[in-house]
Amino acid sequence: MSALAALSDNLVHSATVVLALAMVAHAAEWAFLRERRTAPDAATSRSGARRSAAESSGAALSAETDARGGDTVVAVLERPDAGRSGEGPGPAHAGPADTGPDHAHAGGGDGAAGAQSLRTAMFHRIGLALTILGTILLGGGVVSRGVAAERVPWSNLYEFAITGSLVIAVTYLVTLRRLRIGFLALPLVGFLLVVLGIAITVLYLPVSGLIPALQSYWLVIHVSAAVTATGVLTLGAVASVLQIVKARQERRGGGGYVAQLPPAATIERTAYRLNAFAFPVWTFALIAGAIWAAAAWGRYWGWDPKETWMFITWVCYAAYLHARSTAGWRSRASWIALVAYAALLFNLIGVNFLISGFHSYTGK
Amino acid sequence: MTQTQVRDETARNDAPPPLRPFELARWAWRQLTSMRTALLLLFLLALASIPGSIIPQRQVNPVAVADFVRANPGLSRWYERFELFDVFGSAWFAAIYLLLLVSLLGCVIPRAALHWRVVRSRPPRAPRHLDRLPEHRSWTTSGAPDDVLAAAAKELRGLRYRVDRSADSVAAERGYLREVGNLVFHVAIVVVLVGVAVGSLFGFRGTALVVVGNGFANTVTQYDGYQSGGLFRNNQLPPFALTVDDFRVRFETRGEQRGSVRAFNAALTYTERPGAPKQSYDLSVNHPLRVDGAQVHLIGHGYAPRFTVRDGNGDVAFSGPVPFLPQDGRFTSTGVVKVPDARPEQLSFQGFFLPTAVVDPQRGPVSAFPDALRPSVFLTAYRGDLGLDSGVPQSVYRLETRTLTQFRSAPGEPFRLALTPGERAALPDGAGSITFDGYARWVNLQVSRNPGEPVALVGAVLALGGLLLSLVVRRRRVWVRVTEDGGRTVVAVAGLDRAEPGLGSRGAGAAGAAADGADVRKAVGDGGADSGGTASDLAIEIDKLAAGLQARTAPVREEQE
Ligand code: HEM
């Protein structure tokens with residue numbers, strides 16, 4: 001094995017370890033959030049008036065924001081006068097959005113709660129820093145794998161898994177502020193760990209070349225689009241799960257971690273944006289795949305199991321987009337998104353291992 | 001289409017079906033073209049595709065279907081009845097996508113007409129209370145009302161709005177391309193389907209196995225497998241001919257993927273039509289030869305051991321390569337040699353060709369590597385009438401042994417031959433001999449033409465374009481109103497996003513769900529609940545507009561609200 005290939009393996013392993021640490025940090029963050037939920041009750045008995053005053057004015061929040069290093073903002077501050085405007089597009093709009101779980105809900109400006117929120121914010125930032133580090137390591141692993149193999153690093157399931165994880169992590173980090181998906185941190189990092197764990201232990205294959213049907217630049221285009229869409233759709237699916245859980249909590253009440261999530265409607269919109277972004281990318285992957293098939297096998301579509309499931313996934317996501325604009329179906333949209341994501345997963349796992357066809361490139 | 005319309009439509013759908021035939025038909029048509037039906041049909045389509053990926057399909061793998069039928073005769077009868085071996089060509093699958101197609105057209109055509117009217121009509125008038133819209137700004141200025149409105153119209157045009165000016169206000173709207181994109185997307189799906197239909201009606205596809213060194217002329221009789229569309233006539237086959245001069249293949253020799261094919265290509269000489277000059281081409285995977293509207297693909301390869309068979313009279317009864325079919329990744333290949341010209345009795349052989357033969361203690365001789373490193377053949381031999389003159393067609397790869405007598409070395413023990421290149425073995429009783437002369441390779445060529453391909457491609461690209469437009473563009477309305485207040489001009493600006501937030505927005509398209517110009521109160525209500533306090537880019541645009549207007553028309557002071 002070349003030094004580069006070994007380097008790649010080491011980088012992927014270290015990335016996994018670092019992400020495991022990131023998960024621990026995020027878990028700690030959630031644990032403290034939970035404590036904070038109960039803390040203000042105690043505070044109320046001591047200084048209820050002060051607390052509610054602080055909460056309603058939003059002052060507590062700005063204090064919290066400052067405490068967190070000023071990297072955030074306004075989310076809630078703005079709400080009281082969302083409809084007004086005097087302030088203009090200044091720092092409020094340009095500023096990065098909230099990155100953590102919606103800390104605002106817990107409120108609480110006094111001592112105990114303040115310290116809790118400091119700790120929560122600290123763990124969130126540690127988790128984020130570790131996620132960034134893990135992503136960089138993983139990126140190094142993927143790139144060195146590609147260089148070692150002298151081709152794109154996604155010709156077997158192991159490579160697909162590590163590249164897909166990289167895309168998920170990068171998408172998460174890039175859209176973190178724009179889409180305010182900090183609340184996804186814990187489940188997402190957990191998911192990445194599972195994928196990487198399976199990749200390392202079950203799917204691993206040493207570096208080798210490509211079978212001829214896979215030597216085409218349309219393949220590069222097709223698979224990169226598919227990997228990208230898969231990454232983003234994974235984020236969307238995680239959001240959909242949280243949306244369902246949160247909606248249930250909103251209906252039935254109850255506290256715990258779930259109470260800390262942003263409102264279900266907000267999560268739903270986030271999931272929609274992720275899915276709606278990924279859908280055209282998936283469509284493009286489908287088209288590029290057809291072009292590749294036409295070049296490799298002389299037919300652009302042959303209902304090979306892999307193609308069939310790619311089609312099923314596409315149709316399911318189309319149904320999801322429809323459901324969102326169909327009266328009476330919107331509330332079920334998250335479920336449909338999950339069905340669609342299940343089809344996508346089946347295409348990766350089920351089709352490669354249970355059904356074989358032209359595409360099965362498990363490398364075995 | 002706005003949410004409001006969708007909602008109305010469903011309300012209509014829920015009404016019980018009326019009884020008179022015409023109304024019943026109209027009711028059915030509405031049902032069919034409703035969003036809900038479209039949704040259900042999409043699900044049905046996804047669901048219907050699943051068996052096609054699990055049950056072996058004739059179109060994809062006829063051999064697997066035959067195996068399946070042999071293994072499960074009872075189940076197969078039911079599968080046959082429901083066309084489950086040909087899901088994607090079945091009547092019920094067609095019913096689903098045709099219904100979807102009708103639903104789609106019934107949905108898209110009226111929407112296109114509606115949108116055409118919307119595009120040609122004026123943007124809706126400003127609502128009375130601009131300050132109730134989710135984004136609004138207001139200030140006073142010393143500029144004349146008319147100047148302010150003129151400036152506003154100019155600014156808005158600069159921001160690519162369609163603008164309509166009235167006495168005291170300017171109404172502007174943009175983002176018509178969103179609906180256009182959506183319509184283009186749906187119509188493009190129809191175009192793709194038309195492409196598929198054209199391909200299956202006017203196309204053809206055939207496969208032919210050609211031993212290296214031999215030629216192929218493009219006529220139906222030369223194909224091993226051939227299918228063509230209902231409207232394709234066989235004399236339309238392009239009259240080219242080709243010879244396979246050479247074939248090279250390279251296998252991975254190291255690592256866990258040892259034995260995987262790494263590259264293969266075939267050197268061809270071809271003529272476009274009889275009498276045309278010879279041209280050469282290097283055929284490889286992903287690089288088909290295009291000739292006269294048809295494409296030639298290299299889709300497989302294998303070994304053809306060469307034999308010379310002498311009969312009982314000592315005459316050469318057969319000499320040449322015989323294609324054997326690979327059974328696994330290591331090219332363990334099986335095949336038969338039929339020698340109808342042998343006298344006094346016809347001879348035949350059946351067995352294996354192993355490119356790299358090793359003898360496994362348990363499984364006997366097997367191939368260890370796909371390349372021909374140590375080729376051998378292992379055969380058993382038969383004599384008797386091959387039945388080739390009986391008129392019943394026979395596979396060249398299978399021996400009908402019922403009428404044949406196997407050569408034996410001892411009672412109950414078949415006579416076995418194991419040969420390496422150049423070796424010759426005599427059959428018992430002076431029945432003849434066989435020489436393994438070496439091997440050639442063969443390639444499997446697929447020749448096809450699909451005139452629907454460009455149509456489908458254009459449809460797919462249009463669909464993608466339409467999709468992007470409809471997901472990225474946002475429909476947005478902006479109003480500017482001026483009122484006189486004691487010699488000063490009060491300027492009010494407000495904006496509203498319609499329908500979904502676009503992908504580019506960071507905030508909620510607050511008023512989205514229900515907002516129509518008139519329904520401001522509702523919109524504000526929704527917006528408040530929805531927006532989650534994010535900074536929308538509608539706000540940014542309104543600010544930009546306000547700043548631009550203020551710069552043009554001398555601001556006096558911010559209105560305190
Ligand atoms: C082959 C079947 C169909 C597919 C694959 C499909 C797919 C899609 C997709 C992906 C979208 C979202 C993207 C966009 O806004 O352009 C969409 C939107 C839409 N489709 Fe379809 N569609 C199909 C059939 C239909 C039918 C039959 C109808 C009419 C009943 C319909 C009505 C709509 C409407 C009204 C929207 C807009 C929803 C919105 O504004 O958010 N579609 N469709």
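Please read all numbers here as calculations on a predicted model, not as lab measurements. Below, read A as the first sequence line, B as the second, and so on, with proteins coming before strands; counting in each chain starts at 1. Only this structure's heavy atoms are used, side chains among them; waters, hydrogens and symmetry mates stay out.
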> At what distance, to the nearest 0.5 angstrom, does CG of B:L42 lie from OH of A:Y317?
Replying inline: 15.0 Å
> Measuring heavy-atom distances to chain A, does B:L457 have an atom under 4.5 Å in its side chain, in its backbone, in both, or in neither?
Replying inline: side chain
> Between the side chain of B:H287 and the main-chain N/O of A:A295, is any donor-acceptor distance below 3.5 Å?
Replying inline: no
>> What part of B:A456 gets within 4.5 angstrom of chain A, counting heavy atoms only: side chain, backbone, both, or neither?
In response: side chain
> Given a strict heavy-atom distance threshold of 4.5 Å, which part of B:S49 is in contact with chain A: side chain, backbone, both, or neither?
Replying inline: both
> A:W297 and B:R205: which non-hydrogen atoms are nearest, and at how many Å?
Replying inline: O-NH1, 4.5 Å
>> Between B:V196 and chain A, with a heavy-atom cut-off of 4.5 Å, which part of the residue counts as in contact: side chain, backbone, both or neither?
In response: both
> Side chain, backbone, both or neither: which part of B:Q295 has a heavy atom under 4.5 Å from chain A?
Replying inline: side chain
> Atom CG of B:L464 and atom CD1 of A:I287: how far apart are they, to the nearest 0.5 Å?
Replying inline: 4.5 Å
> Between A:T308, A:V339, A:L321, which has the largest tally of heavy atom pairs under 4.5 Å with chain B?
Replying inline: A:T308
>> Rounded to the nearest 0.5 Å, what separates atom CG in B:L39 from atom CZ in A:R332?
In response: 9.0 Å
>> Checking side-chain contact (heavy atoms from CB on, under 4.5 Å) between A:V315 and each of B:L44, B:L45, B:L100, which is the one that passes?
In response: B:L45
> Heavy-atom distance under 4.5 Å to chain B: side chain of A:L286, backbone, both or neither?
Replying inline: neither
> Just wondering, are more than 12 heavy atoms of other shown residues or ligands nearer than 6.0 Å to CH2 in A:W301?
Replying inline: yes
> If you tally heavy-atom pairs under 4.5 Å against chain B, which of A:A343, A:A294, A:G328 wins?
Replying inline: A:A294
> How close do B:L471 and A:A276 get, heavy atom to heavy atom, and via which atoms?
Replying inline: CD1-O, 3.4 Å
> Between B:V461, B:I50, B:V447, B:L467, which residue shows the highest count of heavy-atom pairs closer than 4.5 Å to chain A?
Replying inline: B:L467
> Side chain, backbone, both or neither: which part of A:W314 has a heavy atom under 4.5 Å from chain B?
Replying inline: side chain
> When rounded to the nearest 0.5 angstrom, what distance separates CZ in A:R299 from NE2 in B:H297?
Replying inline: 10.0 Å
> How long is the gap from CH2 on A:W303 to CG on B:D86, to the nearest 0.5 Å?
Replying inline: 11.5 Å
>> So which atom in A:C316 and which in B:A46 form the shortest heavy-atom distance, rounded to 0.1 Å?
In response: SG-CB, 4.0 Å
> Among B:A463, B:A460, B:G199, which residue forms the greatest number of heavy-atom pairs with chain A at distances under 4.5 Å?
Replying inline: B:A460
>> For the NE2 atom of A:H322 and the CG atom of B:L41, what is their distance to the nearest 0.5 Å?
In response: 11.0 Å
